[in-house]
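Presented below is the structure to which this report refers.
Every chain is numbered from 1, with letters handed out A, B, ... down the list of sequences.
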Amino acid sequence: MSTLLKLDQVETFIGQYHILQGISFEVPKGEVTVLLGRNGAGKTTTLRTIMGLNPAAKGSVLFKGEEIKSLPTFTIANKGIGYVPEDQGIFAGLTVEENIKVAVKKENEETLQRLEWILDLFPDLKKFWKKPGGLLSGGQKQMLSIARAYVNDNELLLIDEPSKGLAPIVVEKVMESIQQMKDKTTIILVEQNFMMASTIGDSFYIIDDGRTVSNGSMNLLREDEEMRRKYLGIA
Amino acid sequence: GSGTEKSGGTEGKEGNDEPKNTEPIKIGVLASQTGGLEAYGKQTLRGFELGLEYATDGTNEVAGRKIEFIIEDTETKPEVAVQKATKLLEEDEVDFLVGSSSSGDTLAVLPLAEEYEKIMIVEPAVADSITGSEFNKYIFRTARNSSQDAVAGAAAIAKDGVKIATLAPDYSFGRDGVAAFKEAAEKLGAEVVHEEYADPAATDFTSNIQKIIDQKPDYLFVVWAGANSPWNQIADMKVQEKGIKISTGAPDIAALATMEPLVGMEGFTVYYHDLPQNDINKWLVDEHKKRFNGELPDLFTPGGMTAAMAIVEALKKTEGDTDSQKLIKTMEGMSFDTPKGQMTFREEDHQALQSLYAIKLEKKDGVDYPVPVLIRELSPEETAPPIRN
Amino acid sequence: MFSNRMNILYLIVAGFLAVLPFVYDSRSMLILLSQVFIFAVLAMSYDILLGYTGIVSFGHAMFFGIGAYTVGVFMKRFEPETSYFLLAVLVTILLTAVVSYFVGLLTLRLKSHFYAMLTMAFAGLFLVLAEKWRTVTYGNDGFTFRVPDFLKDRTDFYLICLGSMVIVFILLKRFTNSPLGRVLQAIRENEQRTESLGYSVLHYKVIASVVSGVIAGIAGILYAVSLRFVNTSVFTMDITLDALLMTIIGGVGTLVGAIIGAGIIEFSHHWLTELAKVHWIFERWIIFFGIIYILAVMFFPMGIVGSLQKLKFRKKKKTSIPVESEAVSQGDS
Amino acid sequence: MDVLINLSLNGLATGMLIFLLAAGLTLIFGLMDVLNFAHGGLFAWGAYSGIWIYTSTGSFFIGIIGAILTGMILGIVTERWIIKPVYGNHVQQILITLGLMLVLSEMLKVVWGPNQISAVTPDYLSGSWEFGGIIIIKYRVFIIAVGFAVFLAVQYLLKKTKIGLVVRAGVMNKEMVQSLGVNIQRVFMFVFMIGAGMAALGGMLLGPYSGVIYADMGMEFAILAFIVVVIGGMGSFTGSVMAAILVGLSGSFMAYYVPDLALAANMLLMAVVLIFRPQGLFGTKG
Amino acid sequence: MTAIIETKDLSITFGGHTAVDSVSISVPHNHFKSIIGPNGAGKTTFFNLLSGQLMPTNGQVMYKGSEITKLSPTKRTRAGIGRSFQITNVFPNLTVMENVRLAVQSHEGVRFQMLRHFRSFNKFEEKAEEWLKLVLLDDKKDALARNLAHGEKRKLEIAMLLALNTEVLLLDEPTAGMSLEEVPAILEVIRKIKQRGDRTIILIEHKMDMIMDLSDSIMVLFNGALLADGTPKDIMKNEMVQSAYLGGLHSEHAAEA
Ligand SMILES: Nc1ncnc2c1ncn2[C@@H]1O[C@H](COP(=O)(O)OP(=O)(O)OP(=O)(O)O)[C@@H](O)[C@H]1O
Ligand SMILES: Nc1ncnc2c1ncn2[C@@H]1O[C@H](COP(=O)(O)OP(=O)(O)OP(=O)(O)O)[C@@H](O)[C@H]1O
Ligand SMILES: [Mg+2]
Ligand SMILES: [Mg+2]
């Protein structure tokens, strides 16, 4: 299987702070790669670096073999990368419909179909179609944020803690949806919900203090209690 | 204050004890070189310079003393005017102040003239209160004041039985002007049937004009200043077609250009370059054209010249003595020549009485704005305003 | 109070300014500096609103004007004596407190721009009042008045302005560093959260509005006394904008910034107009003045003081631990 | 009756003119949330360049086009150099745009001199019709027509394209719209350019309305534009039209019926609207 | 046991949509109650009604026997109802320390003190530091709140609530986004407070193991209405809860537990 995205010794500064100090990983096409790590480890910053929101100062970010490190965010997005930020990034004053409309890149049949699929997945969004995004409940915002990323035909999705604030049954649905998309879309997932991460993840990377410190296949982690304890503090 | 004693004292001594003083005489000129009244400030300054030259026959000297002048920009802000005036008085130790373009700036400076006991020639600020309620004896005004304008305006149109409505901007200038006009017009037997005051910054004057039309006066007398003006709308509302004649003061050339719709109106003016027929004015027009590539002197150019001429005249009389008390005595009642004929500082309020001109706006070939054409000269006696100090 | 280097620096500067008139005898410099002090007081009062409570007011001239007119009218109507002057100060404090209280109550519930515009409307109404109440105010031309003897001498007046500025600075420094001041900053950051911490936001905002209004009124008094003249210009938007510009150029939320801003604007104004006489290029000096504003934003995005603080901080802590001092809120105390 | 009709018509026309002045600001301030104090400078430049082109070519129409182009070019330059670094920061916006305002209005004097300049209506638009006591000024009818046209055009732009949405989203969360693949900088520049063009158009049309243009017209009318945008409700185009007409009508009626308060008309109107509707006429709560 | 918080027919409608629908509950003193329910069920809204951020369209809120339905959030906080927010809600440009210090200051009732230097209230800072230690955030006390990672902000949010030291604690998904490793520590803090036995806690969470572990009782909201209110065991057995909230995976999970 080919590599869709490859980070090599990426270092990122925010202001004068050296946040990422050496992140390297490869994301094989069609797989779910999970980033794990403590609060403040640099998971979110890694995703933001890929998106060009906190551009990397050193190292390389290759998407389909092309260096995207210093491209502007919108260009990166238009290469087929979707992003669900950890704070959801809802446009509070826009309705659910408008939030999605802003995201849509091509208004064609396919998009409509995907939209239908999304609304089946999250019926709440349909119910509150004309409601300002800012008035949604926490979980509904999360759904909207995911929906916005799903509505386009993206090759790569960066999803930052999707399960946060979602009811268990919805978490399950999101997991299913990720499975369904797998053939077309590659996913990088940051997730604290280990049950979810371990169920749908194919491989994992652990980030600590701005560095990738360990990686392997998810099966490995599921079985290796030692490693879980060491990096994740769970048995 | 300490400043007062210092400058006042030494000056007095020098003036009295040493008759052969050869130190230069200094004049501080305050004018708006930036801001809204910039155009007026420039006219005053050009006039002033020409005036000094004319009055001293090009020597810039009087009674053996050189005359120097220092120009300061008030920016049309009272606090700047005070700063600059103080600088002139304190640091440059000027003997006279001249200025300024705005009434507000001038009013703010008046107390300084008194504090430092220096003569201030007010030019071209028009507020009545300068020679009225705010007057002090160091103030002399070569400019005409609002009341003189108003009296001239009245003289141009008011007669027994004439019904007049007025339109003025709703601030001091407009209110003062109309009050003075009303007094003068009623003295001449006319009746002011309606006073309309409009927001000077309004985009739309039609409501005000509508009201005036409703009153069916014979004349509409307009007191106006500032770029935003009602002329267009007066024409659009067909005021003249309704038999209401318009009268107002003719402004400077730039503003005359906006008065196209009022061709034919009768009013008055302070100055237009071909109105006063005398040698001084002829010289002014010629020199001005020569020096400023063909430009004509405008509304306030002769005023600047007049201020300079008044100072030189007074100094000639005191033989170069700049003692203020002596100067005041000399200047009270003093008559002097100006581009607008002879003027006289009235003893009571130091207002220069002067000629104004009843005119009619006419279209002239080769001139792209309506031109004020003389109907008759209004003599200084005729336009003398009431004494209000 | 005088515990660290910054305070010693302030003390030195204040001391220097206090002896200046006795060693450097330039009247226009004194007047210019007095002007700086007066506007510094105004700008500091504005900083309480903008920098510490996070509200932009377009109507600050209202309080400045009330102060200016009160003292003007008192001196004109009654005798220019110290007792009447003190009475005028008292009346100003009262009037500005009452007006800022009610205007505060009426306006502070509004959100940002709407608040700004409503204050502008109120200031506009005061302007019209000053214009129309001609028997007292003499309309827009205004009037001159005499001042009590102790305010006449420029040096004395200079010292009074300097003293006022120093006192206002110390008081406001205390005020902003007090527990109450800290709550104001919390309101600036997150109003709703402050509320749910158990602070009633409106009370605090009204207090800020009153404090700021009263001090602006005092600046107005000094201003009118310095001119011995008052006209409607004290109520115009220009005054508010001046306060705003000085605060921003100096750095919002720092108080010293307001003083420095006042100095920068008054002095660059002064120098530019001087230059205008030297070279024709500077005849349109206002263009250069405008360029100064633009450059100020580009090079000192957080205002002079704010940006310097940030710089100083960077030098001190060049580390990878993402720790940052309260550059914005804590000021220099 | 005639009086009422006259007052209403003139109020409406003035309102439409004010709308034209404010329309650009509705985009720049209302929608993009940029406190642009240089807006007055933009429409003063529109007025000067437009009138200058009009008097030198003799064609009013070319003058209008010229004004709009001038405005758009200035808009692009302004956005690129002045506004871009300060999006989202009101405090910096105030300072930098006030600086720009000074530069713009002083530059007018450098280019065209400090004097006021007269602006005449083209022959085919000057004069008025009179029906009984009702006077209809031709130029005002023209203004009303242009006002409506601009309103419809912008309304179309905002409603039928994603631009309005994208701008609003961009103001709320710039990073997020970019993450969704939108080049928000280009969109902002485009909208700013349109706003500046409309400001210039408004300035140009104001010229013949009052017969004169002058360098300080900018600040004077900019305040009016701000009033309109705020009482209309930030970012609501319909709100702006309504507010502008309200300002026009209230000015017209107050000048006639309560002249003593005419000076305070706009401020009173704004105070009343904001006290009773703190979010503006067409603003959404919260 | 007397009720400390009671609601009677509490309802709120947003333009036709009833987010909380006639909910009547009663929470005894020093009780630990959890609220579960699908997304959009009205849990947060219910909190908003308790803490005063929203006013109900109908019904009453009672606190210690007296009605507080119309009281402002400020007054309720002072009366002893503190809350944390689901969407992180802190003072972004103040330091972590200052964020907590403000809460301590409020708890100490120092409100309109305007001339004393804030640093003279040293004990506030000491107190604040203690709270920060408790939530494992003391190493970040000088950082600006906005520069914290998401999980760190959640801890700050909790510290601020704890610093208010109120009798009633309303916790809205306190551990959402917190890392696996640190959740136990926060749980421990909550557990300790519970064990002290002088606080009433109402918790909204989607983490079932946590809820099962801590709660004395659980109430379930569905479409705004109160579906069930009972012991954890009873609630887990409820079929509706299983099918519409927990879903397949979790039922197994619950069964295991
Ligand atoms: N703007 C910023 N300025 C300074 N430090 C920052 C900034 N943004 C993030 N940091 C710091 O960078 C580190 C990494 O943050 P990041 O958000 O990537 O962590 P994370 O792994 O996503 O954590 P979490 O699980 O809590 O979301 C944290 O210590 C955080 O405090
Ligand atoms: N201010 C408001 N205006 C309009 N609707 C609102 C408002 N607040 C909440 N709602 C609606 O009320 C419903 C309940 O929202 P609430 O936030 O209480 O849900 P929740 O149970 O906390 O959900 P979650 O688990 O996702 O946080 C939602 O459908 C939401 O859209
Ligand atoms: Mg994160
Ligand atoms: Mg919730």
Side-chain angles (χ1 to χ4, degrees), chain C residues 1-4 7 48 51-52 54 170-204 206-208 210-211 252-253 302 306 310 313 316-317 319 321-331 333, chain E residues 48 51-53 72-85 88-99 101-121 124 139-149 157 160-161 163-164 166 170:
Chain C
M1 199 57 206
F2 304 107
S3 53
N4 62 30
N7 285 332
I48 294 297
Y52 288 91
I170 293 173
L171 282 180
L172 288 184
K173 201 83 210 168
R174 279 257 126 159
F175 176 74
T176 50
N177 276 332
S178 72
L180 182 139
R182 286 324 183 96
V183 178
L184 288 181
Q185 290 168 43
I187 291 172
R188 175 190 73 194
E189 292 303 321
N190 188 342
E191 193 173 323
Q192 177 234 354
R193 181 64 198 193
T194 315
E195 211 155 61
S196 60
L197 279 185
Y199 300 105
S200 45
V201 166
L202 191 63
H203 289 176
Y204 286 90
V206 170
I207 289 174
V210 170
V211 167
V252 295
M302 299 166 69
K310 202 167 172 198
F313 168 77
K316 224 164 54 189
K317 296 193 179 167
T319 142
I321 306 165
V323 166
E324 191 166 304
S325 104
E326 272 171 282
V328 190
S329 56
Q330 190 166 306
S333 61
Chain E
N48 284 335
S51 67
Q53 256 78 29
S72 68
T74 309
K75 294 225 170 91
R76 294 191 206 197
T77 307
R78 291 190 202 170
I81 304 176
R83 74 169 292 186
S84 73
F85 291 84
T88 306
N89 194 355
V90 293
F91 303 109
N93 291 315
L94 301 182
T95 59
V96 168
M97 165 60 86
E98 180 68 7
N99 268 276
R101 207 196 56 79
L102 279 162
V104 176
Q105 183 183 322
S106 173
H107 169 65
E108 299 284 338
V110 178
R111 298 183 207 286
F112 294 112
Q113 177 57 258
M114 57 174 105
L115 289 178
R116 263 171 82 191
H117 198 277
F118 81 106
R119 286 195 194 282
S120 64
F121 292 76
F124 293 178
D139 57 328
K140 287 269 163 107
K141 69 176 182 191
D142 292 324
L144 293 189
R146 78 178 134 91
N147 292 344
L148 294 182
E157 182 82 45
M160 287 168 76
L161 172 61
L164 277 177
T166 46
L170 306 178

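- Judged by distance alone, the side chain of N190(C) and the main-chain N or O of F91(E) form no donor-acceptor pair under 3.5 Å.
- Scored by the side-chain hydrogen bond (donor to acceptor under 3.5 Å, both in side chains) test, T166(E) finds no partners at all (sequence neighbours excluded).
- Q105(E) places a side-chain N or O within donor-acceptor distance of the main-chain N or O of P179(C), the cut-off being under 3.5 Å.
- Side-chain contact check for Q185(C) versus E98(E): every heavy-atom pair is 4.5 Å or farther apart.
- The minimum heavy-atom distance linking R78(E) with G198(C) is given by the pair NE-O, 2.8 Å.
- For S106(E), the parts lying near chain C are the backbone and the side chain together; criterion is any non-hydrogen pair under 4.5 Å.
- For V96(E), no part lies near chain C; criterion is any non-hydrogen pair under 4.5 Å.
- The nearest pair of heavy atoms linking L102(E) to L197(C) is CB-CD1, 4.1 Å.
- Interface remark: R83(E) contributes backbone atoms only to the contact with chain C (heavy atom separation under 4.5 Å).
- For the pair T77(E) and Y199(C), the minimum side-chain heavy-atom distance is 4.5 Å or more.
- Between F85(E) and Q192(C), some side-chain heavy-atom pair lies under the 4.5 Å cut-off.
- Partners of E195(C) according to the side-chain hydrogen bond (donor to acceptor under 3.5 Å, both in side chains) rule, which considers only residues two or more places apart in sequence or in another chain, do not exist here.
- R193(C) places none of its side-chain heavy atoms less than 4.5 Å from the side chain of P92(E).
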